[in-house]
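Reviewing the structure listed below.
The chain is numbered in sequence order, starting from 1. Just follow the structure's listing: the first ligand is 1, and inside any ligand the first atom is 1. Reckoned from all heavy atoms, side chains included, excluding hydrogens, waters and symmetry mates.
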Amino acid sequence: MSLATDAAGFATPPIAAAAKQNGAGNPLIVVEGVVKIYSTVAGDSVLALDNVDLTVRDGEFVCLVGPSGCGKTTLLRLLAGLDTADAGTSSLAGKTLNGPSPEVGVVFQQSNLLPWFTVLQNVMLPLRVGGSSRDAGKIAEIHKLLEIAGLKGFENKYPYELSGGMQQRAAIVRALARDPKLLLMDEPFGALDALTRERMNAELQRIWLASKKTVVLITHSIDEAIFLGDRVVVMSPRPGRIVRDLVVDVPRPRIAAETFGSSSHVALAREIRMLLE
Ligand SMILES: Nc1ncnc2c1ncn2[C@@H]1O[C@H](COP(=O)(O)OP(=O)(O)OP(=O)(O)O)[C@@H](O)[C@H]1O
Ligand SMILES: [Mg+2]
């Protein structure tokens, strides 16, 4: 499949999902009454999450914002099955979460690409681990994702030969490699400069619209949350609780130059800022 490119040279996938409606799907993640308590080395207890309820529907893009240390990463790790809660329940597609699942892809702040592997080898890794690295259909899908992510032509480069933004795009492709239902992202663009970040937001929106995934993304950027999210979920300072769940009612695909200055964006940004202060 050959894709058109936009003025910036990025691949433009057919945006079949542009008609997505907020909250149109069935609940995919259901978190109820989740509590997480850490025990520190010094022997203290830290209440990180206190009675968190969150529902994310199939196909939704939910952004999670909150003060530093409020428990965002803790919640994401629970959703990724990398940690367990001390109370409450969490399920994915109706099944209790108990450990990492091929249905969940995770992207962290650092791309964590393996330096001794090329881009293609890195993004193929989940298929190798899953025993499907010789599946011609899956390999074709990976190449399509690389093209959508603007990495065509860089398949045989090593991570050190890529920019930070390109490495993060490769990490997103790797997370999508096994066609997960759910993509979890923890400040994936936090280390990038403002302009690259804005471009990455547009890229991610495009990948999301083409891939029809459910996404939960943590960010410290209110603008990023409003630009990307169908909903922006605001957490309190530790112990983390959900204090507001706001719907972003802006049609897609969103264009930064148009939406950032719009009255709805400004009003929502002000509301989120007041909640965080
Ligand atoms: N392994 C751990 N052991 C003890 N305490 C922890 C551990 N991991 C996190 N914490 C504590 O739990 C709280 C929540 O941490 P978490 O990393 O989830 O916050 P966060 O919202 O992701 O913060 P940031 O925005 O700075 O990334 C913090 O007070 C932190 O010190
Ligand atoms: Mg964090």
Side-chain angles (χ1 to χ4, degrees), residues 29-56 61-90 92 97-100 104-113 164-165 167-168 171-172 174-175 182-194 196-197 200-201 204 214-229 231-246 268-269 271-277:
I29 300 172
V30 179
V31 170
E32 284 176 327
V34 157
V35 174
K36 177 68 188 175
I37 303 165
Y38 288 111
S39 301
T40 68
V41 179
D44 308 324
S45 292
V46 174
L47 179 59
L49 295 175
D50 187 16
N51 206 13
V52 169
D53 293 333
L54 178 69
T55 299
V56 179
F61 198 127
V62 172
C63 291
L64 205 55
V65 299
S68 179
C70 76
K72 301 180 295 297
T73 297
T74 300
L75 181 55
L76 205 85
R77 285 178 58 80
L78 295 176
L79 297 178
L82 298 171
D83 211 342
T84 50
D86 293 286
T89 58
S90 33
L92 176 71
L97 274 168
N98 55 1
V104 181
V106 190
V107 180
F108 294 103
Q109 185 167 5
Q110 303 299 330
S111 67
N112 296 330
L113 298 174
Q167 290 179 24
Q168 278 307 75
I172 294 169
R174 184 181 54 185
L182 173 66
L183 187 59
L184 301 173
M185 308 179 91
D186 193 350
E187 299 188 53
F189 310 133
L192 304 179
D193 66 89
T196 309
R197 187 169 186 160
M200 290 296 294
N201 287 170
L204 178 58
T214 307
V215 180
V216 178
L217 176 140
I218 294 174
T219 178
H220 279 285
S221 162
I222 295 174
D223 282 338
E224 184 168 274
I226 300 172
F227 179 75
L228 286 171
R231 286 159 54 204
V232 180
V233 173
V234 184
M235 290 178 70
S236 67
R238 192 176 65 79
R241 284 171 291 105
I242 309 291
V243 289
R244 198 66 67 87
D245 195 333
L246 299 156
L268 211 48
E271 185 170 357
I272 295 169
R273 190 157 286 116
M274 281 168 65
L275 287 164
L276 292 176
E277 275 169 8

What's the shortest distance from [atom] to any protein heavy atom, and which residue and atom give it?
{"atom": "atom 14 (C) of ligand 1", "value": "G69 O, 3.4 Å"}
{"atom": "atom 26 (O) of ligand 1", "value": "S68 OG, 2.5 Å"}
{"atom": "atom 11 (C) of ligand 1", "value": "Y38 CD1, 3.8 Å"}

If you measure every N/O of [X] against every N/O of ligand 1, is any gap under 3.5 Å?
{"X": "A48", "value": "no"}
{"X": "K72", "value": "yes"}
{"X": "C70", "value": "yes"}
{"X": "T74", "value": "yes"}
{"X": "V46", "value": "no"}

*Side chain, backbone, both or neither: which part of M235 comes within less than 4.0 Å of ligand 1 when only heavy atoms are counted?*
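Neither; nothing of M235 gets under 4.0 Å from ligand 1.
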
Looking at ligand 1, is there an atom of it that comes within less than 4.0 Å of some heavy atom belonging to [X]?
{"X": "G71", "answer": "yes"}
{"X": "H220", "answer": "yes"}
{"X": "K36", "answer": "no"}

*Is atom 30 (C) of ligand 1 close to the protein, meaning a heavy atom under 4.0 Å from it?*
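Within 4.0 Å: no protein heavy atom nearby.
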
_Between K36 (side chain only) and T84 (backbone N and O only), is there a donor and an acceptor less than 3.5 Å apart?_
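Answer holds: yes.
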
_N/O/S atom of S68 inside 2.8 Å of the Mg ion (ligand 2), strictly under_ =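 Coordinating: no.
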
